[in-house]
Trainee: 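This is the structure, below, for whatever I ask next.
Reckoned from all heavy atoms, side chains included, excluding hydrogens, waters and symmetry mates.
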Amino acid sequence: MPKQIRLGILTPSSNTSLEPLTTSLIAPLPNVTVHFSRFPVVKISLESDALSQFQTEKILAAAHLLADANVSIIGWSGTSSGWLGFEADEALCKAITEATGIPATTSVLALNKACKEFGVHRLGLVTPYVDNVQEAIVKTYAGVGIDASEERHLGLSKNTAFAEIEEEVLDGMVREVVAKGSERKEGEGVQAVTTFCTNLRAAQRVGYWETEHGVPVFDTVATVVWDMLRSCGVDMAPLRDWGVLFTKA
């Protein structure tokens, strides 16, 4: 009988999208279950009260609850290091492992691994965020040699509002990013797109977008699951309908 794999997912308290999406995503894997632990996050901005939501101590408290369930790996299903800096997620993963003895990863670190594996240097960026958060994400990616300047965002900060964005809106944003990128010189368009927010109902559209636009799409709910499953040695062939990412073991 295959070994039981338990994925532990750290979840923003106001997020209503990532849990059903993650559960649906892993449904074809009979030996994998997913378990969630929340910590307070209600808005996304660069204001001090919003930034303080991501203090390591608060996240570690939620991670300890997952450790009680003897999970195989812990993943932060969130995108905060896009504006805090990737070192924030690296430090968080180290702190989780030191505190619990369990390996850890994040949506953004997994996205960065995907970009490396697919050779992506020009990344289309789709988010619901406000202007200065979006600008910070673009700057963070520029710092590692990835051009994320082809972007669309909606100017929202209330986390619960992100889950209310309709598929048609996201379809248009992805289409515009790909089309805008194609206006560059030949060979300089976006090489992939990311839907960069784990409270977007977007992961279920990845297969459609990839077929429609001919580029990989890395949704941040999916990236962390992909990295966790890969770390646990799980065969991801049954998940290929969720995007080309799941063909990369």
Side-chain angles (χ1 to χ4, degrees), residues 7-12 18 21-22 25 44 54 56 59 63 73-97 102-129 133-153 174 177-178 181 189-200 202-203 206 209-210 215-234 236 239 242-249:
L7 307 182
I9 300 282
L10 294 162
T11 308
L18 78 82
L21 284 168
T22 303
L25 201 162
I44 301 300
F54 301 103
T56 298
I59 306 176
I73 187 169
I74 293 174
W76 160 221
S77 191
T79 54
S80 53
S81 71
W83 54 93
L84 298 176
F86 301 141
E87 62 276 6
D89 271 4
E90 293 166 356
L92 175 64
C93 290
K94 181 180 179 181
I96 289 172
T97 301
I102 298 170
T105 186
T106 76
S107 292
V108 174
L109 295 181
L111 170 61
N112 296 349
K113 292 176 185 177
C115 287
K116 183 176 181 179
E117 294 217 7
F118 282 81
V120 174
H121 302 286
R122 299 182 302 278
L123 180 66
L125 178 65
V126 172
T127 87
Y129 302 138
V133 170
Q134 191 81 348
E135 291 163 4
I137 297 168
V138 172
K139 183 177 180 180
T140 299
Y141 272 98
V144 295
I146 294 178
D147 179 358
S149 61
E150 296 299 348
E151 57 83 20
R152 289 293 183 273
H153 62 286
V174 171
V177 164
V178 174
V190 299
Q191 298 167 298
V193 174
T194 181
T195 42
F196 194 91
C197 171
T198 64
N199 204 16
L200 292 177
V206 166
W209 291 328
E210 290 181 340
V215 297
V217 179
F218 305 139
D219 176 75
T220 47
V221 169
T223 56
V224 69
V225 175
W226 165 73
D227 199 28
M228 296 170 81
L229 292 174
R230 187 170 68 156
S231 296
C232 293
V234 175
M236 292 181 280
L239 307 183
W242 288 85
V244 69
L245 179 64
F246 290 99
T247 67
K248 289 282 189 179

Trainee: Kindly give the heavy-atom pair with the smallest separation between Val108 and Gly78, and that separation in Å.
Mentor: CG2-O, 3.9 Å

Trainee: Quick one: closest heavy-atom pair of Gly243 and Val206, and the distance?
Mentor: CA-CG1, 3.8 Å

Trainee: Does Trp242 have any side chain to side chain donor-acceptor pair (under 3.5 Å) partners at least two apart in sequence or in another chain, and if so, which?
Mentor: none

Trainee: Taking atom CD of Gln134 and atom CG of Leu125, what is their separation to the nearest 0.5 Å?
Mentor: 4.5 Å

Trainee: What about Phe218 and Phe118, are their ring centers closer than 6.0 Å?
Mentor: yes

Trainee: Quick check: closest heavy atoms across Ala148 and Val138, and the distance to 0.1 Å?
Mentor: O-CG2, 3.5 Å

Trainee: Suppose the criterion is salt bridge (charged side-chain N to carboxylate O under 4.0 Å, His left out): which pairs have a residue in residues 108-119, not counting sequence neighbours?
Mentor: Lys113-Asp227, Glu117-Arg230

Trainee: Could you tell me whether a side-chain N or O of Thr140 sits under 3.5 Å from a main-chain N or O of Gly82, the two making a donor and an acceptor?
Mentor: yes

Trainee: Which value, rounded to the nearest 0.5 Å, describes the distance between Ile59 atom CD1 and Cys93 atom SG?
Mentor: 10.0 Å

Trainee: Using every non-hydrogen atom in the two residues, find where Leu21 and Ala202 come nearest and quote the distance to one decimal.
Mentor: CD1-N, 4.2 Å

Trainee: Show me the donor-acceptor pairs within less than 3.5 Å that the side chains of residues 85-92 make with the rest of the protein, sequence neighbours left out.
Mentor:
from  : atom 1 : to     : atom 2 : distance (Å)
Asp89 : OD2    : Ser81  : OG     : 2.9
Asp89 : OD2    : Thr106 : OG1    : 2.6

Trainee: Do you see a donor-acceptor pair shorter than 3.5 Å between the side chains of Ser149 and Tyr141?
Mentor: no

Trainee: Any side-chain heavy atom of Asn199 within less than 4.5 Å of one from Leu18?
Mentor: no

Trainee: Under a 4.5 Å cut-off applied to non-hydrogen side-chain atoms, are His153 and Pro128 in contact?
Mentor: no

Trainee: Could you check whether any side-chain heavy atom of Leu229 comes within less than 4.5 Å of a side-chain heavy atom of Val225, counting everything from C-beta outward?
Mentor: yes

Trainee: How close do Ala249 and Met236 get, counting heavy atoms only, and between which atoms?
Mentor: CA-CE, 4.0 Å

Trainee: Is Thr223 reaching over with its side chain to a backbone N or O of Ser107, donor-acceptor style, under 3.5 angstrom?
Mentor: yes

Trainee: Is there a side-chain contact (heavy atoms from CB on, under 4.5 Å) between Val190 and Val193? Walk through the geometry before answering.
Mentor: CA-CA 7 Å; Val190 299; Val193 174; 4.3 Å; yes

Trainee: Is there a side-chain contact (heavy atoms from CB on, under 4.5 Å) between Leu10 and Ile96 once you walk through the steps?
Mentor: CA-CA 11 Å; Leu10 294 162; Ile96 289 172; 3.8 Å; yes

Trainee: Counting N and O atoms only, with roles assigned by atom type, does the side chain of Glu150 sit under 3.5 Å from a partner on the main chain of Val177, one being a donor and the other an acceptor?
Mentor: no

Trainee: Compare every heavy atom of Ile102 with every heavy atom of Ile73, then report the nearest pair and how far apart it is.
Mentor: CA-CG2, 3.6 Å

Trainee: Taking the ring of Tyr129 and the ring of Trp83, is the distance between their centroids below 6.0 Å?
Mentor: yes

Trainee: Would you compute the distance between atom CE of Met228 and atom CD1 of Ile9 and round it to the nearest 0.5 angstrom?
Mentor: 4.0 Å

Trainee: Is there a donor-acceptor pair closer than 3.5 Å between any side-chain N or O of Thr97 and the backbone N or O of Lys94?
Mentor: no

Trainee: Run the numbers on Thr195 and Thr220 for side-chain contact (heavy atoms from CB on, under 4.5 Å), then give the verdict.
Mentor: CA-CA 6 Å; Thr195 42; Thr220 47; 5.7 Å; no

Trainee: Enter the distance from Thr105:OG1 to Ile74:CD1 here, rounded to the nearest 0.5 Å.
Mentor: 11.5 Å

Trainee: Would you confirm whether Glu210, through its side chain, and Val217, through its main-chain N or O, come within 3.5 Å as a donor-acceptor pair?
Mentor: yes

Trainee: Rounded to the nearest 0.5 Å, what separates atom CZ in Arg122 from atom CG in Asp147?
Mentor: 8.0 Å

Trainee: State, with a plain yes or no, whether a side-chain heavy atom of Val215 is found less than 4.5 Å away from one of Val178.
Mentor: yes

Trainee: Backbone N or O of Ser77 within a donor-acceptor pair of the Thr198 side chain at under 3.5 Å?
Mentor: yes

Trainee: Take Leu239 and Trp226 through the side-chain contact (heavy atoms from CB on, under 4.5 Å) test and state the conclusion after the steps.
Mentor: CA-CA 10 Å; Leu239 307 183; Trp226 165 73; over 6 Å; no

Trainee: Describe, in one word, how the ring planes of Phe54 and Trp76 are oriented to each other, choosing from parallel (under 30°), tilted (30 to 60°) and perpendicular (over 60°).
Mentor: tilted

